[in-house]
**Q** 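Here it is: the structure, laid out below.
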Amino acid sequence: VSPLLTPKQVARAIGVSESSLKRWCDKGLLETVRTAGGHRRIAVNSVLTFLRDTSRQPVRPDLLGLPSNVGQGEFVIDRAAELIFSAITTGDDERCRRIVFDLYLAGHKAFDICDRVITPVFAKIGDCWECGKLQVFEEHRASEIALRLLYELRTALPRVPEDAPTAIGGTVEGDPYRAATTMVEIALREQGWRADSLGPMLPTATLCDAIEKVRPRLFWLSASSLQSPTEFVDQYESLYQTAFRSGTAVVVGGRALTEEIRQQIQYSAFCDNLRHVVAFAATLGNAAVRSA
Ligand code: B12
């Protein structure tokens, strides 16, 4: 849940007078909620959306819970992975947050930041761990920082409408990888879906229960590591059949889904990255909204 601020706090954060800010609230430029006593309150994610939409930079980003030097850098998305890599491998949490939020405030899509910046950083961390350039603790510390960043990015996204199409997903038993499923959640929420990652390591039976109970429009599965591909193919079939019966599209992705495995399973879409799921969801999402 995004924290709520008073108009005075938001005015200070973005460097305008309180009266201008209240005027913008009344014009609907900034999404406002009212307290029981009738006072205006503004959620931090609405302020971030406003800043992105109007190409403004905060003058006191710390009041919005962001690193105090956000908005002073000129980060280019193509260089950001390199910069984050050196910050994340030395445990510099704040610098990583600054780079990611600078990109976000500059109007880059969260899913693009994930695909083009955070995923390549993870890949390089894996390569450096494999060839002994990074110790296990450095790899784990970097993963923790990246996961915290992803959760923060999720909180920064605009609120999802009540009647949005729903999506759920996760990883199967034996697959501990959290980042990809969290990123799919972010990508879909950013497109206005009510998306919830159920997290990693879920037995197939409970995933089937979730599909039957939630009846989502879309179910995603991220597979980065499969203990037994044969067992996976068997269990996946029941998952797919459950989804099919509830009219749920199944989107799969992840490095463990080799071509050999893909040949043996059914799905609505296989995605190499978040850009692909965003494109696929756009067709379904529109259909869901139209038929509502
Ligand atoms: C972090 C990490 C871990 C962490 C995970 C922590 C956590 N809580 O998530 C931990 C410590 C658990 C771990 C363990 C291991 N790891 Co590891 N790990 C990594 C690392 C560095 C990053 C993984 C990651 O999250 N990447 C970020 C995600 C977002 O990237 P992605 O998976 O590519 O996902 C993108 C796309 O594929 C796609 N996508 C993926 N899924 C889906 C799903 C859908 C629906 C959609 C639309 C898209 C999509 O979109 C994403 C965004 O672009 C990778 C290196 C790498 N190349 O990624 C190694 C890596 C995967 N690990 C590796 C290894 C060897 C291991 C261990 C065996 C090490 C050990 N000896 O214990 C264990 C095995 C654990 C297990 N049970 O499987 C190897 C695997 C090699 C191989 N041949 O498979 C890698 C490649 C490192 C390397 N270069 O050697 N690991």
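When a ligand or atom number is given, it counts from 1 through the structure's own listing order. Since this is a predicted model, take the numbers as computed values, not measurements.
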**Q** Could you tell me whether the side chain of F50 reaches within less than 4.5 Å of the side chain of I42, counting heavy atoms only?
**A** no
**Q** Rounded to the nearest 0.5 Å, what separates atom CZ in F232 from atom CG in L239?
**A** 8.0 Å
**Q** What protein heavy atom lies closest to atom 27 (C) of ligand 1? Include the residue and the distance to one decimal.
**A** F122 CD1, 3.3 Å
**Q** Which atom pair, heavy atoms only, marks the closest approach of F219 to G169?
**A** CE1-CA, 4.0 Å
**Q** Starting from atom 52 (C) of ligand 1, which protein heavy atom do you reach first, and at what distance in Å?
**A** T119 OG1, 3.2 Å
**Q** Can you confirm whether more than 12 heavy atoms, excluding those of F244, are under 6.0 Å from its CZ atom?
**A** no
**Q** If we count only non-hydrogen protein atoms and require a distance under 4.0 Å, does atom 80 (C) of ligand 1 qualify as touching the protein?
**A** no
**Q** For V277, take its heavy atoms, then give the atoms of ligand 1 lying under 4.0 Å from any of them.
**A** 47 (C)
**Q** Note the single closest protein heavy atom to atom 46 (C) of ligand 1, along with its residue, its atom name and the distance in Å.
**A** V184 CG2, 3.8 Å
**Q** Run the numbers for me: atoms of ligand 1, each under 4.0 Å from some heavy atom of E130, listed by number.
**A** 88 (C), 89 (N), 90 (O)
**Q** Answer yes or no for atom 14 (C) of ligand 1: protein heavy atom present at a distance under 4.0 Å?
**A** yes
**Q** Of all the non-hydrogen atoms in the protein, which one sits nearest to atom 50 (O) of ligand 1, and at what distance?
**A** N273 CA, 3.7 Å
**Q** Heavy-atom contacts under 4.0 Å between D272 and ligand 1: side chain, backbone, both, or neither?
**A** backbone
**Q** State whether the number of non-hydrogen atoms from other residues, nucleotides or ligands found under 6.0 Å of R41 atom CZ is greater than 12.
**A** yes
**Q** As a test of understanding, state which of D26, T32, T35 forms a side chain to side chain donor-acceptor pair (under 3.5 Å) with R40.
**A** D26
**Q** Hey, could you give me each pair passing salt bridge (charged side-chain N to carboxylate O under 4.0 Å, His left out) that has a residue in residues 140-152? Not counting sequence neighbours.
**A** D93-R148, R97-E152
**Q** What protein heavy atom lies closest to atom 47 (C) of ligand 1? Include the residue and the distance to one decimal.
**A** C271 CB, 3.3 Å
**Q** Under 4.0 Å from any heavy atom of M183, which atoms of ligand 1 are there?
**A** 29 (C), 52 (C)
**Q** If you have a sec, work out which protein heavy atom is nearest atom 25 (O) of ligand 1 and how many Å separate them, to one decimal?
**A** A179 CB, 3.4 Å
**Q** If you measure from atom 34 (O) of ligand 1 to every heavy atom of C131, G174, G170, A180, which option wins on shortest distance?
**A** A180
**Q** Does the side chain of T171 come under 3.5 Å of the side chain of T181 through a donor N or O and an acceptor N or O?
**A** no
**Q** Record the part of S143 in heavy-atom contact with ligand 1 below 4.0 Å; permitted values are side chain, backbone, both and neither.
**A** side chain
**Q** Look only at the side chain of R154 and the backbone of I186, and say whether a donor-acceptor pair between them is shorter than 3.5 Å.
**A** no
**Q** Could you work out, for atom 39 (N) of ligand 1, the closest of G254, A281, A256 by heavy-atom distance?
**A** G254
**Q** Under 4.0 angstrom from atom 70 (C) of ligand 1, is there any protein heavy atom?
**A** no
**Q** Under 4.0 Å from atom 76 (C) of ligand 1, do we find at least one protein heavy atom?
**A** yes
**Q** Just wondering, are more than 12 heavy atoms of other shown residues or ligands nearer than 6.0 Å to CZ in R52?
**A** yes
**Q** Taking atom 43 (C) of ligand 1 as the point of reference, which of A142, G253, C128 owns the nearest heavy atom?
**A** G253
**Q** Does D102 come within less than 4.0 Å of R98, counting only side-chain N to carboxylate O?
**A** yes
**Q** Is there a protein heavy atom at a distance of less than 4.0 Å from atom 29 (C) of ligand 1?
**A** yes
**Q** May I ask you to check whether over 12 heavy atoms, not counting those of Q263, lie within 6.0 Å of atom CD?
**A** yes
**Q** Decide yes or no on salt bridge (charged side-chain N to carboxylate O under 4.0 Å, His left out) for R194 and D163, but give the supporting numbers first.
**A** CA-CA 8 Å; R194 187 163 285 283; D163 58 350; over 6 Å; no
**Q** Provide the number and element of each atom of ligand 1 under 4.0 Å from a heavy atom of H140.
**A** 11 (C)
**Q** What are the atoms of ligand 1, with element, lying closer than 4.0 Å to any heavy atom of D127?
**A** 89 (N)
**Q** Could you grab the protein N, O or S atoms closer than 2.8 Å to atom 17 (Co) of ligand 1 for me?
**A** Y177 OH
**Q** Under 4.0 Å from atom 85 (C) of ligand 1, is there at least one protein heavy atom?
**A** no
**Q** Using a 4.0 Å cut-off to any heavy atom of A123, which atoms of ligand 1 qualify?
**A** 56 (C), 57 (N)
**Q** Is there a path of hydrophobic side-chain contacts, each under 4.5 Å between heavy atoms of I/L/V/M/F/W/Y residues, joining L5 to L63?
**A** no
**Q** Hey, are Q264 and E260 close enough side-chain-wise for a donor-acceptor pair under 3.5 Å?
**A** no
**Q** Could you tell me whether a side-chain N or O of Q266 sits under 3.5 Å from a main-chain N or O of Y240, the two making a donor and an acceptor?
**A** no
**Q** With heavy-atom distances below 4.0 Å as the criterion, list the atoms of ligand 1 near R178.
**A** 7 (C), 8 (N), 9 (O)
**Q** With a 3.5 Å cut-off and no angle check, do the side chains of T204 and Q235 form a donor-acceptor pair?
**A** yes
**Q** For ligand 1, which atoms have a heavy atom of R255 less than 4.0 angstrom away?
**A** 32 (O), 33 (O), 56 (C), 57 (N), 58 (O), 61 (C)
**Q** Determine whether any protein heavy atom is located less than 4.0 Å from atom 1 (C) of ligand 1.
**A** yes
